[in-house]
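Worksheet: one structure, shown below.
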6 protein chains.
Amino acid sequence: LYKILYIDPVGEEHSTPEIDGFLKQIVSEKVKIDFSFLKRGPANLEYMYYETLVTADIIHKVKRAEIDGYDAVIIGCFYDPGLYQSREITDIVVVGPGEASMCIASVLGYKFSVLAGRNKWVPIIMENIQKYGYKEKLASVKLLELGVEDFHKDDGYTETVMIAKGREAVEQDGAEVIILGCTMQFGFYSKLQEYLSIPVIDPIAASVKYAEFLLNVKKYFNWGHSKIGLYQSPPIEEIKRFDINNMYNLKDIW
Amino acid sequence: LYKILYIDPVGEEHSTPEIDGFLKQIVSEKVKIDFSFLKRGPANLEYMYYETLVTADIIHKVKRAEIDGYDAVIIGCFYDPGLYQSREITDIVVVGPGEASMCIASVLGYKFSVLAGRNKWVPIIMENIQKYGYKEKLASVKLLELGVEDFHKDDGYTETVMIAKGREAVEQDGAEVIILGCTMQFGFYSKLQEYLSIPVIDPIAASVKYAEFLLNVKKYFNWGHSKIGLYQSPPIEEIKRFDINNMYNLKDIW
Amino acid sequence: LYKILYIDPVGEEHSTPEIDGFLKQIVSEKVKIDFSFLKRGPANLEYMYYETLVTADIIHKVKRAEIDGYDAVIIGCFYDPGLYQSREITDIVVVGPGEASMCIASVLGYKFSVLAGRNKWVPIIMENIQKYGYKEKLASVKLLELGVEDFHKDDGYTETVMIAKGREAVEQDGAEVIILGCTMQFGFYSKLQEYLSIPVIDPIAASVKYAEFLLNVKKYFNWGHSKIGLYQSPPIEEIKRFDINNMYNLKDIW
Amino acid sequence: LYKILYIDPVGEEHSTPEIDGFLKQIVSEKVKIDFSFLKRGPANLEYMYYETLVTADIIHKVKRAEIDGYDAVIIGCFYDPGLYQSREITDIVVVGPGEASMCIASVLGYKFSVLAGRNKWVPIIMENIQKYGYKEKLASVKLLELGVEDFHKDDGYTETVMIAKGREAVEQDGAEVIILGCTMQFGFYSKLQEYLSIPVIDPIAASVKYAEFLLNVKKYFNWGHSKIGLYQSPPIEEIKRFDINNMYNLKDIW
Amino acid sequence: LYKILYIDPVGEEHSTPEIDGFLKQIVSEKVKIDFSFLKRGPANLEYMYYETLVTADIIHKVKRAEIDGYDAVIIGCFYDPGLYQSREITDIVVVGPGEASMCIASVLGYKFSVLAGRNKWVPIIMENIQKYGYKEKLASVKLLELGVEDFHKDDGYTETVMIAKGREAVEQDGAEVIILGCTMQFGFYSKLQEYLSIPVIDPIAASVKYAEFLLNVKKYFNWGHSKIGLYQSPPIEEIKRFDINNMYNLKDIW
Amino acid sequence: LYKILYIDPVGEEHSTPEIDGFLKQIVSEKVKIDFSFLKRGPANLEYMYYETLVTADIIHKVKRAEIDGYDAVIIGCFYDPGLYQSREITDIVVVGPGEASMCIASVLGYKFSVLAGRNKWVPIIMENIQKYGYKEKLASVKLLELGVEDFHKDDGYTETVMIAKGREAVEQDGAEVIILGCTMQFGFYSKLQEYLSIPVIDPIAASVKYAEFLLNVKKYFNWGHSKIGLYQSPPIEEIKRFDINNMYNLKDIW
């Protein structure tokens, strides 16, 4: 039995409990998945500033999850905030919806497009695509001109825009797979998939199955995040020496 | 219950039944995996010529597997011969060990190196890496100076060379993950992993778990190979019109 | 006197004898060029499957041509099926219309565009462009929305579409040279060239002159395909050991 | 008169007052530069975790500096932590030593090499190089095998290693300019420059002059960080609505 | 006190004295800037031929400026003709408006667009962008469909076209900064900047401040153009041995 | 009958009449090739300065050759000085040994290496490789540590170094073809070819056959240098208006 923690990286008042239901629905048997959120945080991470505000809380929550016996954590934002840092300070599986979606999309067709919200998102998404190595597989980033908090204001309208932009991606940019570029676009993938007749990747769905996959290769073959460079952990003695514990009120962590 | 077929793309006399045992050992519960081989073929695919000789037989065998009710097929060669073509003419999951290994390696560390046999292999491997979009994640291709049929002549020697070249990859090229660049390197990954203290990806092992993963995303979310471009199937009427059936003796296929 | 064989990689019933006339017309003095076709095969290679079906036959035909004393072979399809494999198993000059066209186009202007048929063709063409190293010289691949068998259904219509798409390539994408992306687009280049006032490369024409060129550098300077890596031949003893001869009914080959 | 704030992104006990002296020495007339540090923080940012811990404090200090009337801020770490975020939430000039060093190095010679500490640093440095767009100008990243806190333990030894690795960069990798890849390598550039007879960029020195340069183009031509995308600020009403003020104890900021 | 020479790389009858006024206006205190032109030359450098005609005269004028005690020279054309060669044969600071503009634009936003005149200019501009290493920062090159001599024929019209194309660059190509791609576009930047609300880089303005910046880093830290490779000077004895002096009538130079 | 002019881009006292003999030996029947040189110029073009000195003379000589009825011109230096400009101002075939060599090398094997003289040459060679679009085909540039005037000082020594560096290119860098990176390396290719058992491209030889090839495609299919962008000619009226004739003493040209 694997235990996975899903973190909605916002404070409780901004979190989306419907996601919990979706997670329970799509998780495999023999996997227990818990939904959680942060103690505080803005309602979206559209600005780098907001992302910075929550990242330390996210990675400490991931570290805490490891202590509490979770086998994997999903950081529920397409920007994958704190993904690499979390892998650095833990030994469990850590999954980001952005990376998971691209990993799946890249194998299902020639090129994929990402349906993003606003032009403000583009540099972050492009930086991640480049960092993960998927630039050659990208057809385009299409803008829906909607913010994170807008996607579910009028589902019908959102769907209409998604179909229009998805079609453009297919017809003009050569996309064969679509990625929904925000976890708050959940609930739309299957209908869109039907309309467009191509795979439409929901990032939450992608990250759950991707977490199960990484848990499997770890269990069977002991393939976890390599710890000799990018994900090498800071030595615990150094953390003690710097008194990070007290400095940042992290007594339940270190 | 998923049914997976593993094809050792050589004739019976050259096939490696030990692989069958390995497959059974690493497959998940509720998955049935069968080992098979071709009717004919050379002992290795080190030359493009040999690859061409067997590719048509491979993809017809994949098509036949679909007819016979398999949910997924693994084409057991690191060069992934016939991978894209098989996806083109079927609707099932088709997995190549090369693609599967790189997909896993790319997420487990900053960069990966491939332990290949001879310089002859490099152009094919590089072409695939480029095609799959993993070029930015590649640290190096290291040559063991061994052919496909040499890996198990003297396991001790092979292991020694692998460790030496793996270390070079880590220390000189910045590799954080190693991929064994030939399915015939099976049996070595776990010892090498222990020595090098980083993930060492066995391509057979990778492709089994990868197949299970793709089967899962298909079952849960209906995400299969996109059929509008790269993997679009030839119309069955055209296949009939061209009389491919008779021309190539494929009466059990079309 | 050079002897060149042109292979129309389809079965006789689908072959285009007009090409023979065109070849005779454009070949240099002191070069003898023969037109031939395969024993079998579909009418087009638009699908990877069809390409796989004919590739083994193509490369054996090239090998046979070498035995029969030909100095060079042209594989008459813009996808260049079997090009690298043929160079691997022979020592003669082997030319593909795709490579030949790009080689010429790349030197005649800043960037070139390819007029292709359908979006299905794009991944294969892009893979070749990347493999040959011409990606930086590509302005765009434009789609005529016509299949291989459609180009000569209504020459007037085809010409109109070609002019429209060629103009777009020039005005919107910055193309200074156009490549006709299919050998079945023969017959159109000179009119198109006149309309657009830029070089329009016909792939058959390109491959004939390119073959003569490679024959010349071989004759004068002994510059043939390098045989130490990509084009290194399988050892004849290995071919014998694997009994490829009998296995694939190739008694006139090995 | 320009006012610049230099932030040593560590807590007081780990900060390096000698830097203050160096700053005063190299600043132009009519520029006032102040040295400061954080309230808390580890002694180095070699791990992504440490960087995450201090980033929110850094960018709030930058915002505070803007309120206090500073015209520019330098974030004193070669990793440029919080650089883009600081530009997002302020309208003043924000400079990172990494970006500043590369900007200068890229114009002074064909290619530059970076002298970094350990392999752990490479992915972060490479990610920044890629993000800033200088990848084509990079000759190599050379490792001194020294940590941030080691550079001034034995200046003689550090110098010896720097010369050795600098020479390798020049002779083997084709570097024509050297960048010292850590602000804690201050004090070495001029001697190294003399030995190697090429420009050796000290990142602190680079960032002071670069800040003056950006202040000048802003004053003369009103060229500041573009605020329509990457550096677009979150709306102040949104910051209020999310109550970031109280949530993160930032009453002196928003 | 720094002395800078600005060279308008055309003959006197084609030179633009208004530039002199602009230079005086934007130069810093303690910097003396002189305006000059060539003895001969066409009115524009839109053709490579014209550029070749003037390049030798330009670099000799730069060399002469060094002899005459100038600390820096600006070569007043966006193509930066003779930039690298001038650095090769002198030890002073040499600045090109193209390089200077891109250096500034690359740090002020995610991507920049260049407003060029005609499609004829594109290959040269692209070659420079690639050579300087800014390709990843380029959003697009937009064509105004105006020649060098047209920009000031009807300022109102030019402005209208610039605004239209600048807007396209922002809205369709994701530009966050605009570069005016010709020194003859001087006089437009500040109005355009106001309309578009993003930095609009005037290449003359950019090169003056950039020259001051490079003079500063040279004075303070002795960072000049690296002289071991790209900018290594021909030995004076070799120049004597070849009698370049007499051959090219350069008695005031060597 | 084609008439080709070979220009040795140095003054008579530095020119190499042995090249004339070599040209006569390798030219095809029905082609007449003449050897010529400049009125003045340094003995080598190793410095950008020297290249600038001779470029205007080269392109005017090419223009004059067109007037005199030559069908093609070869500019006899591996740097291809004035290649693009010559194509701009004429309508004949213009060939550079660098471009010609790479065009041939790129098709004869997986990757090629260039044997250059000194590190000073690398940026120019790399810029050309990038401009021509062959970067993906380059294995390495190897330095012989010899100048242009050294190659024939001691042929035995030069040969020894060439073999050593050629072997390194093959064994360490994966080269399958070698290009001699200077026209003054003539006389060595065939022996080197024998030693290394791979094609060794002599740039003079390459450019002669390449010129014949381009003449053929022009004669047969009217494929010449595209004149709508990169090679678009300046209007003759503009040349007259600028009085280039008198200004540069070019009365026999315009």
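When reading the values below, keep in mind they use all heavy atoms of this one structure, side chains included, and skip hydrogens, waters and symmetry mates. Labels below follow one simple rule: chain letters A, B, ... track the order of the sequence lines, proteins then strands, and each chain is numbered from 1.
- Contacts between A175(B) and chain A at a heavy-atom distance below 4.5 Å involve the backbone alone (N, CA, C, O).
- Put simply, the side chain of S226(A) does not reach to within 4.5 Å of the side chain of F112(B), judged on heavy atoms.
- Of the atoms belonging to S106(B), it is side-chain heavy atoms, and not backbone ones, that fall under 4.5 Å from chain A.
- Most heavy-atom pairs under 4.5 Å with chain B, from the set Y189(A), Y84(A), Y231(A): that is Y189(A).
- No side-chain heavy atom of V107(B) sits less than 4.5 Å from a side-chain heavy atom of W223(A).
- Heavy atoms closer than 4.5 Å to chain A are found nowhere in L138(B), neither backbone nor side chain.
- Atom NZ of K30(A) sits about 4.0 Å away from atom CD of E29(B), to the nearest 0.5 Å.
- Chain B forms more heavy-atom pairs under 4.5 Å with one residue of K137(A), E212(A), E136(A) than with any other, namely K137(A).
- Options G109(B), G224(B), A105(B) differ in how many heavy-atom pairs under 4.5 Å they form with chain A, and the most are formed by G224(B).
- Neither the backbone nor the side chain of K219(B) has a heavy atom closer than 4.5 Å to any heavy atom of chain A.
- Atom CG of L108(A) is separated from atom CZ of R87(B) by 8.0 Å, given to the nearest 0.5 angstrom.
- Contact of K209(B) with chain A is made through backbone and side chain together, with heavy-atom distances under 4.5 Å.
- For chain B, no part of V94(A) is nearby; none of its heavy atoms comes within less than 4.5 Å.
- Contact count against chain A (heavy-atom pairs under 4.5 Å) is highest for I26(B) among I26(B), V177(B), V217(B).
- Contacts with chain A were tallied for I228(B), V200(B), I198(B), I201(B); I201(B) has the most, counting heavy-atom pairs under 4.5 Å.
- Using a 4.5 Å cut-off between heavy atoms, V27(B) contacts chain A through its backbone alone, with no side-chain atom that close.
- Residue E99(A) touches chain B through its side chain alone, counting heavy-atom pairs closer than 4.5 Å.
- Contacts of K131(A) with chain B are made by backbone atoms alone, with heavy-atom separations under 4.5 Å and no side-chain atom involved.
- Using a 4.5 Å cut-off between heavy atoms, S197(A) contacts chain B through its backbone alone, with no side-chain atom that close.
- For a residue to count as touching a neighbouring chain, one of its non-hydrogen atoms must lie under 4.5 Å from one of that chain's; by this rule A206(B) touches chain A with backbone and side chain alike.
- The aromatic rings of Y210(A) and F213(B) sit tilted relative to each other, their planes meeting at an angle between 30° and 60°.
- A 6.0 Å sphere centred on NZ of K32(A) holds more than 12 heavy atoms belonging to other residues, nucleotides or ligands.
- Taking all atoms of both residues into account, the shortest heavy-atom contact from Y220(A) to S28(B) is OH-CA, 3.4 Å.
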